[in-house]
Amino acid sequence: GYQKCGTTVMSDFLAHHPNVVHSGAKEKHYLAGLQMSGSLGHSFGMVSECISNGPPSNLSEYFNACFDGRVPALGEATIDITPSYGTIRNVENLIQTLKSLDDGSMEFRFIAVLREPVDRAISAYGMKRKIAQGEYAGLSDVKMDEKMHQQLYFRGQGALPRAIIDGEYGDALALFLKSFRKDQLLVVNSEKLNESLTWKRIFQHLGLWIPKQSEIDRWLQAANELYVSIQEKKYSKAKVEYYHASDDIRAELASHYESHNERLWDVLGSPKWW
């Protein structure tokens with residue numbers, strides 16, 4: 001995770017590494033027992049399969065379902081990138097599944113990609129309008145602002161939408177770290193995904209050999225170009241502009257996330273990123 005934090009670029013970038021066994025489609029949703037079907041328009045035009053039997057009961061079942069039965073050899077890593085795994089609504093299911101799969105035969109490693117939550121939420125709302133999701137279809141920027149304001153103002157009377165909840169990183173990561181060692185989790189600032197040092201840290205975390213600088217630069221350029229191409233096609237097809245939220249809405253979101261950000265820095269034991 002998280003949605004709108006750069007996981008598409010990460011998926012496409014890591015797929016270039018010869019020792020990465022990629023799950024094919026980005027967003028398998030398999031480990032959290034979720035169901036998803038249809039083309040997502042992500043990595044290499046692949047399609048996320050509909051998993052109807054719930055999470056796997058053992059590693060063999062997982063590898064068969066998501067990696068065509070290929071088990072990683074020594075020095076390899078299987079990569080399953082699904083943003084919804086990190087949300088507070090799904091993290092308990094994910095932890096339960098991973099604990100049941102841990103037979104000691106291999107090491108689980110995790111990467112959480114975080115984006116400044118105000119920008120992330122606005123991007124998520126923009127995606128809703130882009131794909132014409134329900135009540136967001138055809139809304140102007142002003143109407144989008146009104147919709148978000150209503151959801152923030154009346155948040156005490158019902159659950160907030162995922163577009164906002166996904167930016168509440170602290171509680172989800174704290175829950176995760178109660179079940180796994182801190183060295184198993186690498187938390188990455190999405191703003192640093194264009195820096196080669198970030199990718200070197202990721203490769204090291206995953207136990208993969210680090211490519212030459214020229215290779216990293218080439219893979220990153222290819223992943224970014226693919227992402228830009230996909231986004232341009234999506235917005236052109238949808239015939240909508242990017243959502244530009246007002247300063248008032250940005251201020252409301254910043255106020256909402258203030259305590260959640262403090263919780264995040266406390267969990268990570270790090271200085272503020274934003």
Side-chain angles (χ1 to χ4, degrees), residues 1-17 20 26-27 42-43 77 79-88 91 94 109-127 162-177 180-208 210-211 213 216-217 219-228 231 242 245 250 253-274:
Y2 292 79
Q3 186 184 64
K4 309 306 294 182
C5 284
T7 54
T8 298
V9 170
M10 174 170 283
S11 176
D12 294 332
F13 181 94
L14 291 175
H16 287 282
H17 197 291
V20 163
K26 176 175 172 280
E27 303 191 28
H42 283 312
S43 310
I79 304 295
D80 179 352
I81 297 180
T82 301
S84 62
Y85 285 162
T87 66
I88 192 66
V91 72
L94 176 66
R109 291 275 166 162
F110 311 99
I111 302 172
V113 190
L114 312 184
R115 179 181 178 185
E116 193 282 317
V118 173
D119 286 341
R120 195 217 60 80
I122 292 170
S123 180
Y125 272 88
M127 182 181 69
R162 178 185 170 186
I164 294 176
I165 290 176
D166 274 10
E168 301 171 0
Y169 309 122
D171 288 339
L173 290 178
L175 188 61
F176 195 81
L177 288 172
F180 296 99
R181 303 188 317 270
K182 197 166 186 176
D183 67 293
Q184 289 179 269
L185 174 67
L186 177 65
V187 183
V188 176
N189 185 345
S190 66
E191 289 188 359
K192 304 295 184 180
L193 288 179
N194 279 320
E195 299 180 8
S196 60
L197 180 60
T198 299
W199 293 105
K200 291 176 181 178
R201 290 176 58 215
I202 290 172
F203 288 132
Q204 185 177 31
H205 178 70
L206 296 177
L208 297 169
I210 299 176
Q213 183 64 49
I216 293 177
D217 292 342
W219 297 351
L220 187 55
Q221 180 180 356
N224 281 325
E225 287 177 353
L226 178 60
Y227 179 79
V228 169
Q231 293 304 308
Y242 282 91
R250 284 186 169 275
L253 285 168
S255 176
H256 172 78
Y257 287 123
E258 184 175 3
S259 62
H260 295 286
N261 286 337
E262 292 300 324
R263 171 65 165 153
L264 174 63
W265 313 136
D266 182 62
V267 169
L268 297 183
S270 73
K272 297 179 180 179
W273 290 358
W274 47 73

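Numbers here simply count residues along the sequence, with the first being 1.
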Flag the pair [X] / [Y] as yes when at least one side-chain heavy-atom distance between them is below 4.5 Å, and no otherwise.
| X | Y | answer |
| --- | --- | --- |
| S84 | R162 | yes |
| I111 | L206 | yes |
| D80 | Y85 | yes |
| I202 | M10 | yes |
| E168 | Y2 | no |
| L193 | V188 | yes |
| S196 | L220 | no |
| L264 | V187 | no |

Rounded to the nearest 0.5 Å, what separates atom [atom1] in [X] from atom [atom2] in [Y]?
| X | Y | atom1 | atom2 | result |
| --- | --- | --- | --- | --- |
| Q3 | S123 | CD | OG | 8.5 Å |
| I164 | I122 | CD1 | CD1 | 10.5 Å |
| I210 | F203 | CD1 | CZ | 8.0 Å |
| E258 | L253 | CD | CG | 13.0 Å |
| D12 | W219 | CG | CH2 | 13.5 Å |
| L173 | L268 | CG | CG | 6.0 Å |

Inset, instruction - Go through the structure and list residues passing salt bridge (Lys or Arg N to Asp or Glu O under 4.0 Å) with D119, not counting sequence neighbours. - result: R250
Inset, instruction - Output all residues satisfying salt bridge (Lys or Arg N to Asp or Glu O under 4.0 Å) with E191, sequence neighbours left out; order by chain, then residue number. - result: none
Is it the case that the side chain of [X] and the backbone of [Y] share a donor-acceptor pair, with hydrogens and angles ignored and the cut-off at 3.5 Å?
| X | Y | value |
| --- | --- | --- |
| D266 | E262 | no |
| R115 | G167 | no |
| Q184 | R181 | yes |

Legend entry - Under 3.5 Å side-chain donor-acceptor pair for Q213 and D217: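 Q213 vs D217: donor-acceptor pair found between side chains.
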Inset, instruction - Classify the ring geometry between H260 and Y257 as parallel (under 30°), tilted (30 to 60°) or perpendicular (over 60°). - result: perpendicular
Inset, instruction - Check the angle between the aromatic planes of W199 and F13 and answer parallel, tilted or perpendicular using the 30° and 60° thresholds. - result: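 Ring orientation, 0 to 90° scale: parallel.
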Which heavy atom of [X] sits nearest to which heavy atom of [Y], and what is that distance?
| X | Y | result |
| --- | --- | --- |
| G86 | A172 | O-CB, 3.4 Å |
| P211 | I216 | O-CD1, 3.9 Å |
| P83 | T7 | CG-OG1, 3.4 Å |
| P271 | W265 | O-CE3, 4.0 Å |

Inset, instruction - Identify, with sequence neighbours excluded, every residue that meets ring pair (Phe, Tyr, Trp, His ring centres under 6.0 Å) alongside F176. - result: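 Result, ring pair (Phe, Tyr, Trp, His ring centres under 6.0 Å) vs F176: F110, F180.
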Legend entry - Over 12 foreign heavy atoms within 6.0 Å of CZ, R201: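 It does not: R201 CZ has 12 such atoms or fewer within range.
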Inset, instruction - Under the side chain to side chain contact (heavy atoms under 4.5 Å, CB included) rule, what do D171 and R263 come out as? Steps first, then yes or no, please. - result: CA-CA 7 Å; D171 288 339; R263 171 65 165 153; 3.1 Å; yes
